[in-house]
Amino acid sequence: MSGQSDNIVSVVLATPKLQQELEIRLVASMTVRDVVQLAIECGLDDQGLDVAQLALGVYGQRVADDYQPQPGDRIEIYRPLQQDPMELRRQQAASQGK
């Protein structure tokens, strides 16, 4: 099956206040970083994050900036954690022990 929808990828960015997904049409030789920049130009709200410095992934697997996405890929923008998960578990364990 061939058609225009064959060259579409999704770009997602989630913050505690807003979850966004935008579909972008791939152009030959685009990298994931190019796709993310295009998504921002097309209306993806970067929430004030420095997206150029954030890690990217495809379906939960981190990828290099020069990775060339395939049609149907879900490109994820990984924002910094607000709290260290290990420290949070320590705090929860300490409060349950009292």
Side-chain angles (χ1 to χ4, degrees):
M1 185 167 135
S2 177
Q4 291 185 358
S5 64
D6 291 349
N7 290 329
I8 300 293
V9 295
S10 296
V11 178
V12 296
L13 174 63
T15 62
K17 296 181 181 181
L18 182 64
Q19 293 78 42
Q20 305 171 81
E21 182 173 1
L22 188 65
E23 290 187 341
I24 297 293
R25 184 171 312 284
L26 287 175
V27 177
S29 75
M30 285 182 95
T31 65
V32 286
R33 195 57 71 183
D34 296 334
V35 173
V36 168
Q37 183 59 42
L38 181 58
I40 291 169
E41 292 170 8
C42 291
L44 186 75
D45 184 357
D46 64 10
Q47 298 289 300
L49 297 169
D50 185 5
V51 175
Q53 300 301 316
L54 297 179
L56 302 176
V58 174
Y59 289 114
Q61 297 294 315
R62 192 166 175 181
V63 296
D65 286 353
D66 62 351
Y67 172 82
Q68 291 190 320
Q70 303 301 309
D73 278 355
R74 175 186 167 95
I75 299 169
E76 301 159 345
I77 303 169
Y78 300 134
R79 62 183 172 79
L81 296 176
Q82 292 181 325
Q83 187 170 14
D84 178 14
M86 288 182 68
E87 182 59 31
L88 181 60
R89 286 191 291 275
R90 282 187 197 107
Q91 291 173 1
Q92 289 172 342
S95 68
Q96 289 176 356
K98 292 183 179 180

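Quick note: numbers below take in every heavy atom, side chains included, and nothing from hydrogens, waters or symmetry partners. All of these numbers come straight from a predicted model, not from anything done at the bench.
With hydrogens and angles ignored, the 3.5 Å screen pairs no side-chain donor or acceptor of Q68 with any backbone N or O of D66. The backbone N or O of T15 sits less than 3.5 Å from a side-chain atom of Q19, completing a donor-acceptor pair. Side-chain atoms of R79 do not come within 3.5 Å of backbone N or O of L54 as any donor-acceptor pair.
Considering only heavy atoms from C-beta on, V9 stays 4.5 Å or farther from M30 through its side chain. Residues P69 and L26 form a side-chain contact, since some pair of their non-hydrogen atoms from C-beta on lies under 4.5 Å apart.
In this structure, L13 CG and L49 CG are separated by 6.0 Å, a value rounded to the nearest 0.5 Å. How far CD1 of I77 is from CD of Q20: 8.5 Å, rounded to the nearest 0.5 Å. Taking SG of C42 as the reference point, atom CD1 of I24 lies at 4.5 Å (rounded to 0.5 Å). Taken to the nearest 0.5 Å, the CZ atom of R62 stands 8.5 Å off from the CG atom of L56. The distance from the CZ atom of R25 to the CG atom of D6 is 9.5 Å, given to the nearest 0.5 Å. Rounding to the nearest 0.5 Å places CD of E21 at 5.5 Å from CZ of R74.
A salt bridge (charged side-chain N to carboxylate O under 4.0 Å, His left out) check over residues 26-41, counting only residues at least two apart or in different chains, returns the pairs R33-D65. Legend: salt bridge (charged side-chain N to carboxylate O under 4.0 Å, His left out) pairs involving residues 42-55, not counting sequence neighbours: none detected.
Looking at E76 and Y78, their side chains do bring a donor and an acceptor atom within 3.5 Å of each other.
Residues V36 and V27 fall within the same hydrophobic cluster, defined by Ile, Leu, Val, Met, Phe, Trp and Tyr side chains chained together at heavy-atom separations under 4.5 Å.
Residue V58 comes nearest to Y67 through the heavy atom pair CG2-CE2, 3.7 Å, listed as atom of the first residue, atom of the second, then distance.
Under the salt bridge (Lys or Arg N to Asp or Glu O under 4.0 Å) criterion, R90 pairs with E87, sequence neighbours left out.
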